[in-house]
Protein chains: 2
Amino acid sequence: MEVTVQLPEVDTARMCHARQILDRVGDKWSIAVIHALGADTLRFTELKRTIHGISQRMLTATLRTLERDGLVRRTVHPVVPPRVDYELTELGMTLLGIVCSLMGWAVEHGDAIDEARAAYDARPAGSPTG
Amino acid sequence: MEVTVQLPEVDTARMCHARQILDRVGDKWSIAVIHALGADTLRFTELKRTIHGISQRMLTATLRTLERDGLVRRTVHPVVPPRVDYELTELGMTLLGIVCSLMGWAVEHGDAIDEARAAYDARPAGSPTG
DNA sequence: CGGGATCCGACAAGATACTG
DNA sequence: CAGTATCTTGTCGGATCCCG
């Protein structure tokens with residue numbers, strides 16, 4: 001197989017941009033929130049139930065960050081039982097597309113990675129790479 | 001209310017896969033290493049010089065993880081001055097493609113995010129979202 | 001040159017309790 | 001219901017020393 005990646009001019013500056021969004025979506029819960037909101041508009045509690053493992057502290061923090069980055073829109077309804085809706089913005093939806101690409105890659109090559117790990121883990125001590 | 005979700009059937013299981021690779025490339029240096037090796041095969045010291053900010057501890061740890069996941073191949077040359085070469089595997093190159101997609105998104109929408117942040121930061125205290 | 005081991009600081013993140 | 005504040009812990013990551 002030959003390399004068809006051919007990154008055009010991906011210098012340090014561009015890679016820095018990649019780190020930017022990875023800092024944004026690379027944390028433990030952003031992806032989960034984006035994915036959950038990609039399906040539908042949800043309330044705080046609904047999000048908490050959907051994502052399961054998340055604490056209300058991290059959910060709040062994650063939502064705040066995503067809102068600040070313009071990826072999630074927060075709507076407060078001034079009703080007697082407080083109600084706050086969260087939904088993806090258009091920008092957030094484009095990011096969701098990227099996330100789906102990520103998922104596609106993970107599903108496609110996740111098996112290979114698993115095998116590689118097993119093989120690496122099975123190596124005695126020093127691998128005769130040369 | 002109806003769901004206008006465009007993603008086909010992205011359930012929790014798939015999202016979990018996305019988290020897997022984000023755990024892998026989401027750390028501080030993996031992207032930088034993958035990007036550096038995407039251009040050419042490099043030695044340890046060369047990698048250290050290319051990535052600049054990285055310490056040898058993190059470079060070693062990052063390389064080890066990437067090697068274990070089958071993304072990077074490590075070649076030891078038994079010569080008098082020790083020489084170790086690192087290069088991307090075919091699997092690593094496909095991941096580089098994903099990374100490039102990420103970079104593309106970052107470059108394309110990074111400006112919008114910046115504006116959103118500025119707007120969010122300029123808000124008084126409670127935004128009349130509803 | 002390449003890398004392992006250890007110590008230590010900084011921050012992310014979980015659990016809990018409290019508020020409006 | 002939708003958060004906020006505090007405490008504690010776990011992990012990441014840098015600095016340093018040492019080895020082959």
Side-chain angles (χ1 to χ4, degrees), chain A residues 19-20 22-33 36-37 40-69 72-87 120 123-130, chain B residues 19-20 22-33 36-37 41-69 72-87 120 123 125-130:
Chain A
R19 282 254 76 260
Q20 292 292 316
L22 278 174
D23 282 339
R24 174 164 15 264
V25 302
D27 61 24
K28 199 166 186 176
W29 300 110
S30 290
I31 293 290
V33 171
L37 293 180
D40 200 357
T41 297
L42 293 176
R43 303 172 59 177
F44 188 86
T45 306
E46 290 172 336
L47 272 171
K48 195 168 182 309
R49 285 191 315 164
T50 302
I51 304 182
H52 290 301
I54 196 170
S55 61
Q56 90 291 26
R57 180 197 180 338
M58 290 318 296
L59 180 55
T60 301
T62 301
L63 283 170
R64 205 78 62 74
T65 300
L66 293 175
E67 184 193 0
R68 189 174 113 96
D69 289 342
V72 163
R73 175 163 35 243
R74 178 172 177 267
T75 308
V76 180
H77 302 281
V79 293
V80 183
R83 178 192 181 102
V84 180
D85 287 335
Y86 292 95
E87 59 183 330
Y120 183 93
R123 289 182 186 177
S127 52
T129 48
Chain B
R19 282 255 73 260
Q20 292 292 317
L22 278 173
D23 282 340
R24 173 162 18 262
V25 302
D27 61 22
K28 198 167 185 177
W29 300 110
S30 290
I31 292 290
V33 170
L37 292 180
T41 298
L42 292 176
R43 302 171 59 179
F44 187 88
T45 308
E46 289 171 338
L47 272 170
K48 196 167 181 309
R49 285 192 316 166
T50 302
I51 305 179
H52 290 301
I54 198 172
S55 62
Q56 96 292 13
R57 182 204 187 318
M58 291 317 296
L59 179 55
T60 301
T62 302
L63 284 171
R64 201 102 53 73
T65 301
L66 293 175
E67 184 194 0
R68 189 173 114 95
D69 290 342
V72 163
R73 177 164 33 243
R74 179 174 177 263
T75 307
V76 180
H77 301 283
V79 294
V80 185
R83 178 192 180 102
V84 180
D85 287 334
Y86 292 95
E87 58 182 330
Y120 183 92
R123 288 182 186 176
S127 52
T129 48

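Computed from heavy atoms alone, side chains included, the values below leave out hydrogens, waters and symmetry copies. Below, read A as the first sequence line, B as the second, and so on, with proteins coming before strands; counting in each chain starts at 1. The model shown is predicted, which means the values in this text are computed figures rather than measured ones.
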Please tell me which of A:I54 and B:R43 maps to the more 5' nucleotide of DNA chain C, matching each residue to the nucleotide holding its nearest heavy atom.
B:R43

Whole-Å distance, A:L59 CG to D:dA2 P, equals 10 Å

Measure CH2/A:W29 against C1'/C:dA13 and give the value in whole Å, please.
10 Å

Taking every non-hydrogen atom, the tightest pair across B:I31 and B:V25:
CG1-O, 3.4 Å

CG-CG distance between B:L22 and A:L22, expressed to the nearest 0.5 angstrom:
7.0 Å

For the side chain of A:Q56, starting at C-beta, report the closest nucleotide among C:dG4, D:dT4, C:dG14.
D:dT4

Rounded distance in Å - CG (A:D27) to P (C:dC11)
16 Å

Would B:Q56 and B:F44 count as a side chain to side chain contact (heavy atoms under 4.5 Å, CB included) here? Give the steps.
CA-CA 9 Å; B:Q56 96 292 13; B:F44 187 88; 4.1 Å; yes

Starting at atom CZ of A:R49, determine the distance to atom P of D:dA2, rounded to an integer number of angstrom.
11 Å

Rounded to whole angstrom units, what separation is found between the CG atom of A:L63 and the P atom of D:dA2?
11 Å

Phosphate-side-chain proximity, A:T45 and D:dA2, N/O vs OP1/OP2 below 4.0 Å:
yes

In whole angstroms, how far is the P atom of D:dC1 from the CG atom of A:D85?
14 Å

For A:P81, which contact category applies under a 4.0 Å heavy-atom criterion: base, sugar-phosphate, or nothing?
nothing

Rounded to the Å, how far apart are A:H77 NE2 and D:dG3 P?
11 Å

Residue-phosphate contact under 4.0 Å: A:K28 side-chain N/O, C:dG14 OP1/OP2
yes

Show your reasoning for whether side chain to side chain contact (heavy atoms under 4.5 Å, CB included) applies to A:L63 and A:L47.
CA-CA 10 Å; A:L63 283 170; A:L47 272 171; 3.8 Å; yes

Look at all strands and tell whether A:R57 reaches a base, only sugar-phosphate, or nothing, counting heavy atoms closer than 4.0 Å.
base

Residue from A:M58, A:R57, A:R64 passing side-chain contact (heavy atoms from CB on, under 4.5 Å) with A:T60
A:R64

Give the nucleotide from the list D:dG13, C:dG20, D:dG3 with an atom nearest to the side chain of B:M58.
D:dG13

Quick check on C:dG3: is either OP1 or OP2 less than 4.0 Å from any side-chain nitrogen or oxygen of B:R74?
yes

Does D:dC1 have OP1 or OP2 sitting under 4.0 Å from an N or O in the side chain of A:Y86?
no

When rounded to whole Å, the CD to P distance for the pair A:E67 and D:dA2 reads 15 Å

